[in-house]
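One structure is given here, and the rest of the page talks about it.
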Amino acid sequence: MAQTEPNLDHDISWFLLPSYWAKMVVALISFLCFANSYDGDFVFDDSEAIINNKDLRAETPLGDLWYHDFWGSKLSSNTSHKSYRPLTVLTFRINYLLAGGFYPVGFHVINIILHCTISVLMIDVFSILLGGLQFSNKGRRLNLAPKSSLLAALLFAVHPVHTECVAGIVGRADLLCALFFLLSFLGYCKAFRENKEGHTFSILWVLVSVILGAIAMLCKEQGITILGLNAVFDALVINKINLLELIQKLLHKDKSLENAGQLRKGLLFRITLLMSGGASILYIRWRIMGTGPPAFTEVDNPASFADSLFVRAINYNYYYSLNAWLLLCPWWLCFDWSMGCIPLIKSVSDWRIIALAALWFCLIGLICQALCSEDSHKRRILTLGLGFLIIPFLPASNLFFRVGFVIAERVIYLPSIGYCILFTYGFSLLSKQAKKKKILAVAVLGILLINVMRCTFRSSQWRSEEQLFRSALSVCPLNAKVHYNVGKNLADKGNQSAAIKYYREAVRLNPKYVHAMNNLGNMLKERNELHEAEELLSLAVQIQPDFAAAWMNLGIVQNSLRRFEEAEQSYWTAIKHRKKYPDCYYNLGRLYADLNRHIDALNAWRNATVLKPEHSLAWNNMIILLDNTGNLAQAEAVGREALELIPNDHSLMFSLANVLGKSQKYKVPIHC
């Protein structure tokens, strides 16, 4: 594969390092950016995806991972998010088993290692994308752009927008997806290694590439897009197709296409393999998913619920411009961009329309150059840059299906590859025109240094929930979820007064925020402000009638207000919406005990222990009630049954000891 195109490195004033040293430098710098996150806590979504995910436990059969979503729910459930990432969950499970529990250090270390590995692989990827694909006589791939590939890899390694993926443990999905995404691309490139018989391709390596793409998708859904990018690469680099010329020939039904070089090189056959593989993967994924797409709420993605097609289109495009801005200037970073963080654009008079115009002005300019430039080298690099920027972003674009977020920094991990290609190419063009190239090189070094410092600072904010949530207050002050999470964090630390302030602000910003109402109602209940608590909880269940936790908490408040019939009805409504609700059965038992309905109380507490065998309070209340009603033998039997399940519970030991004392069994051991 002879290369006759100009080389980017001729115009770039940058460091030229041997391949081994270049990879060592990239690995070291990428490690330094995120090393301080290694001993961080489980934060934000880590709780649901890891701590509360039963798929990580040894007692859960490995086979269940293939039928559950990322959060441990059954894919067939209507409440499932349909995020199918079994291989990512498997790595979490291995982390958990090796550590012997939920210790975050091991999880964080793996994330850092993955990012370093991906950054090193980027040198090989960028050398192909920027310098082309050529092999030596011995079949070894040549790096024709060592300086520009090093620069692009450094830009990728130190980009602050990657902090969420690396410092947030759930970002493991994006990291694993990216790893196999790149391996699929490199595997596809191996298919074109020359042999003694001349230029040909290996079907085996094309199939390996498809398999690696499937593995990438089993880590995160974006991984499937590598098959499309491989096809684009094949057309542009291997077959050197001029897209504009090809389109014109197709429109004019030019007969010269019948003998075109791309057909001789097997392009259509390889694209057929890629498309067949991709279609098969998507079909299997659809069959496993079992039902339709996930059901998101308006607060997750308000633009997708707008009645007007115009409003939806304008806001989607505004979201794209914000994603582009995060790549260009990753200064304002936030763990969550939903719930009013970005108010909807509802008319063309909104000044934010300027962002859309700027985005499309740049995109159209780049697309025109990619299609119409007489310089084949420029066409190739710009098209590949735009391809890697846009195609991996398509699953998050709302074009094909509704997504459950407004902006998510983690989904820009793969598209940032395209940004790095375009940045490096732009730097080469500036260097070609500039008289003082060293000044440009110093400026780029300054950008890299600023990004390193920004990564270090941002990853330190991801070390704890308190720092993470508070960092978002200045970026998204209108985001009700930010205030809710700050309040929840304060409540967990026992600072109720400050927590109530943030919960109230969350409800003010989003009057339909039922989770904030529920938590605020709980705190007011504990402060004996029962009437306001009842108002909030009643409003929460009115807004979301199937909110089981709010129904239970409303029942507790009504019980405290001695409105027993209403409390009983609220408890049963909660159980109706959540069949397996041990805490609600426990509270229902307390209500029946207050009403001297002892049999009902015992049945309720027994249901709680059946659903949750380690429910100490339910066991203890059964023992005490049986003791108080003179059923000492039964109380003893229940106590021993409880201690078999919870052998070191001191309250159970004390209650059983009282029963044995009343039965005059002074020397009978509690543990038999």
Test item: side-chain donor near acceptor, Asn658 and Asp627, under 3.5 Å: no

Ring centers of Tyr38, His108 separated by less than 6.0 Å: no

Geometric class of the Tyr585/Trp572 ring pair [parallel <30°, tilted 30-60°, perpendicular >60°]: perpendicular

Between Arg458 and Ser471: side-chain donor-acceptor atoms closer than 3.5 Å: yes

pair check: Cys334 + Cys341, SG-SG < 2.5 Å: no

Residues Tyr413 and Glu164: side-chain donor-acceptor under 3.5 angstrom: no

Residue pair Glu641 / Trp619, side-chain donor-acceptor N/O under 3.5 Å: no

More than 12 heavy atoms from other groups under 6.0 Å of CZ on Phe31: no

Between Asp649 and Ser616: side-chain donor-acceptor atoms closer than 3.5 Å: yes

Pair Ser663, Glu636: side-chain N/O donor-acceptor within cut-off below 3.5 Å: no

Closest approach of Arg85 to Ala173 (non-hydrogen atoms, all atoms of both residues): CD-CB, 4.0 Å

Side-chain donor or acceptor of Asn36 paired with backbone N/O of Thr456 under 3.5 Å: yes

Test log, rule side chain to side chain contact (heavy atoms under 4.5 Å, CB included), inputs Val43 and Gln467: CA-CA 10 Å; Val43 297; Gln467 294 180 76; over 6 Å; no

Tyr84 ring center near Phe70 ring center (under 6.0 Å): no

Carboxylate-amine/guanidinium contact Asp39 Arg463, below 4.0 Å: yes

Which atom of Phe44 lies closest to which atom of Leu468, heavy atoms considered: CB-CD2, 4.2 Å

Any pair counted as side chain to side chain donor-acceptor pair (under 3.5 Å), so long as it reaches residues 166-180, sequence neighbours left out: Thr91-Arg172, Asn95-Arg172, Asn111-Arg172, Asp174-Lys220

Verdict with reasoning, His515 to Phe547, per ring pair (Phe, Tyr, Trp, His ring centres under 6.0 Å): CA-CA 9 Å; His515 293 284; Phe547 192 2; 4.9 Å; yes

Chi angles and distances behind the side chain to side chain contact (heavy atoms under 4.5 Å, CB included) call for His483, Val486: CA-CA 5 Å; His483 293 273; Val486 173; 5.8 Å; no

Aromatic plane relationship, His115 with His162 - under 30° parallel, 30 to 60° tilted, over 60° perpendicular: perpendicular

Working for salt bridge (Lys or Arg N to Asp or Glu O under 4.0 Å), residues Arg285 and Glu221: CA-CA 10 Å; Arg285 166 76 168 83; Glu221 294 76 4; 3.6 Å; yes

Minimum heavy-atom distance Cys177-Gln222, with the two atoms named: SG-C, 4.1 Å

Polar side-chain atom of Glu614 near backbone of Leu645 as donor-acceptor pair, under 3.5 Å: no

Arg590 to Tyr571 six-membered ring, cation-pi geometry met (6.0 Å, 45°): no

Non-hydrogen atoms of Ala604 and Tyr592 that approach each other most closely: CB-CD1, 4.5 Å

Trace of the side chain to side chain contact (heavy atoms under 4.5 Å, CB included) decision for His68 with Val89: CA-CA 10 Å; His68 291 175; Val89 178; over 6 Å; no

Donor on one side chain, acceptor on other, Asn522 and Lys525, under 3.5 Å: yes

